[in-house]
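The figures here come from the full heavy-atom set of this structure, side chains too, leaving out hydrogens, waters and symmetry mates. Since the structure is predicted, the reported quantities are computational estimates derived from the model, not experimental observations.
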Amino acid sequence: MTYTPAPRDPKQLPVRINLLSDTQTRPTPAMREAIARAEVGDEQIGDDPTVNLLCERVADLLGKEAAVFMPSGTMCNVAATLVHCRPGDEILAHETAHIIAREGGAHAALGGFQITPLPGADGQFSPATFRAALHPRSRYQPPQTVVSVEQTANIGGGTIWKKAALDEIVQIANSNGLATHMDGARLMNACVATGIGAREMAKGWDSAWIDFSKGLGAPVGAAIAGSREFIDEVWRWKQRLGGSMRQAGICAAACVHALDHHVDRLAEDHANARALARGLSQIRGIEVQQPETNLVFFSPDGAGVTGDDMVARLRQHGVLLAMMDGRIRACTHLDVTAAMIEETVGLVREIARSA
């Protein structure tokens, strides 16, 4: 899987419309004020009141006993597998999952785990595919210890795992002695789009986390939740991996603000994504995957323009997108307005017309 932004050219216009990722957001003025007012202490010894508040909020939000603040979602995934698994164990995940394609081989390098890729459309494997991948436990095969899902499925197009499928996967895992892990990088997008609360969405999953530096607009941070025993072990790995911090309330304050003010507004990002997809689909030769959340994947090949060329030419107009897994990905977020969407569609139309 590739993730290739347009090359930088000093003659290009500054970026005016940033559709590269929801990680590109800047803290709002109100968020900056919350950061400035943050009460802080030593997070590493449990003495930062803002971090503690955030962890309590996340544990309650996801319906778990405890939570821990982490520098990144990747560290959430890595620490979770390091707790759930032992060297030589097998993890089952979709073939495009973040833990396979975007985490630098950390699970193999640090834990000695193998990840079995499961096929499926739109970034999701079916419960039947998961069941078929299970094998009898014997000394000849690696112990299958964890099944992981990514909510939403990024490379699948920001698609939402159906609650019924999540519940069935949990049931199959429990019946076969596997732990369950939910990569919730854009979990709140799924919750807003479906109207299903985060607690219900994560019900039955042994570990789950949310990212604050994507759609929620904070500059840094994620938080993972689970049983108290699980979180105690995650803390051990957080310490080992160098993720324990000091006055981390500076960061956690932005995350608390995001929970208070940036969840419901995710619906605006979804509306902008639908508007972008609708406009692009009206351009002859543009093939668009209809979005379920804030990610829009499209291909301009039918219009006589390669994806790389379209990304490069849009960059010349100050519009930043990226190629991902052979298609262009546009990501809406709180710094993208409806007017920016309209301008982007117009530019794509002009480029396609001139091809």
Any pair counted as side-chain hydrogen bond (donor to acceptor under 3.5 Å, both in side chains), so long as it reaches [range], sequence neighbours left out:
range            : result
residues 294-304 : Asp22-Asn294
residues 338-347 : Arg16-Glu343
residues 207-230 : Asn77-Trp209, His84-Ser207, His181-Ser207, Asp211-Ser213, Asp211-Lys214

Going by the rule ring-ring contact (aromatic ring centres under 6.0 Å, His included), which residues pair with [X] if we only count those two or more places apart in sequence or in a different chain?
X      : value
Trp161 : Phe125
His333 : none
Phe113 : none

Checklist entry - Are side-chain N/O atoms of Arg137 and Gln144 paired as donor and acceptor at under 3.5 Å? => result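 No.
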
Checklist entry - Among side-chain atoms of Asn154 and Arg329, is any donor-acceptor pair under 3.5 angstrom? => result yes

Item to check | Candidate pair Asp60 and Arg199, rule salt bridge (charged side-chain N to carboxylate O under 4.0 Å, His left out), full reasoning | outcome: CA-CA 8 Å; Asp60 181 66; Arg199 175 185 289 256; 3.1 Å; yes

Got [X] and [Y] here, is their nearest side-chain heavy-atom distance under 4.5 Å?
X      : Y      : value
Leu276 : Val345 : yes
His94  : Ser148 : no
Gln290 : Val288 : yes
Val234 : Met70  : yes
His257 : Thr28  : yes

Testing the basics here: between [X] and [Y], what is the closest heavy-atom pair and its distance to 0.1 Å?
X      : Y      : answer
Val58  : Phe212 : CG2-CZ, 3.8 Å
Thr96  : Gly123 : OG1-CA, 3.9 Å
Cys191 : Gly197 : SG-C, 3.9 Å
Val147 : Trp205 : O-CZ3, 4.0 Å

Any ion pair linking [Y] and [X] (charged N to carboxylate O, less than 4.0 Å)?
X      : Y      : result
Asp183 : Arg102 : no
Lys163 : Glu200 : yes
Glu43  : Lys238 : yes
Glu233 : Arg236 : yes

Next on the checklist: Checking Asp308 against Arg313 for the salt bridge (charged side-chain N to carboxylate O under 4.0 Å, His left out) test, could you report, in this order, the C-alpha distance in whole Å, the side-chain angles of both residues, the deciding distance, and whether it holds?
Outcome noted: CA-CA 9 Å; Asp308 287 329; Arg313 293 177 68 177; over 6 Å; no

Would you find a donor on one side and an acceptor on the other, under 3.5 Å apart, between the side chain of [X] and the backbone of [Y]?
X      : Y      : result
Asp89  : Cys85  : no
Arg26  : Gln24  : yes
Asp122 : Gln124 : no
Arg131 : Ile169 : no

Item to check | Same apolar cluster: Val256 and Ile35, side chain cutoff 4.5 Å | outcome: no

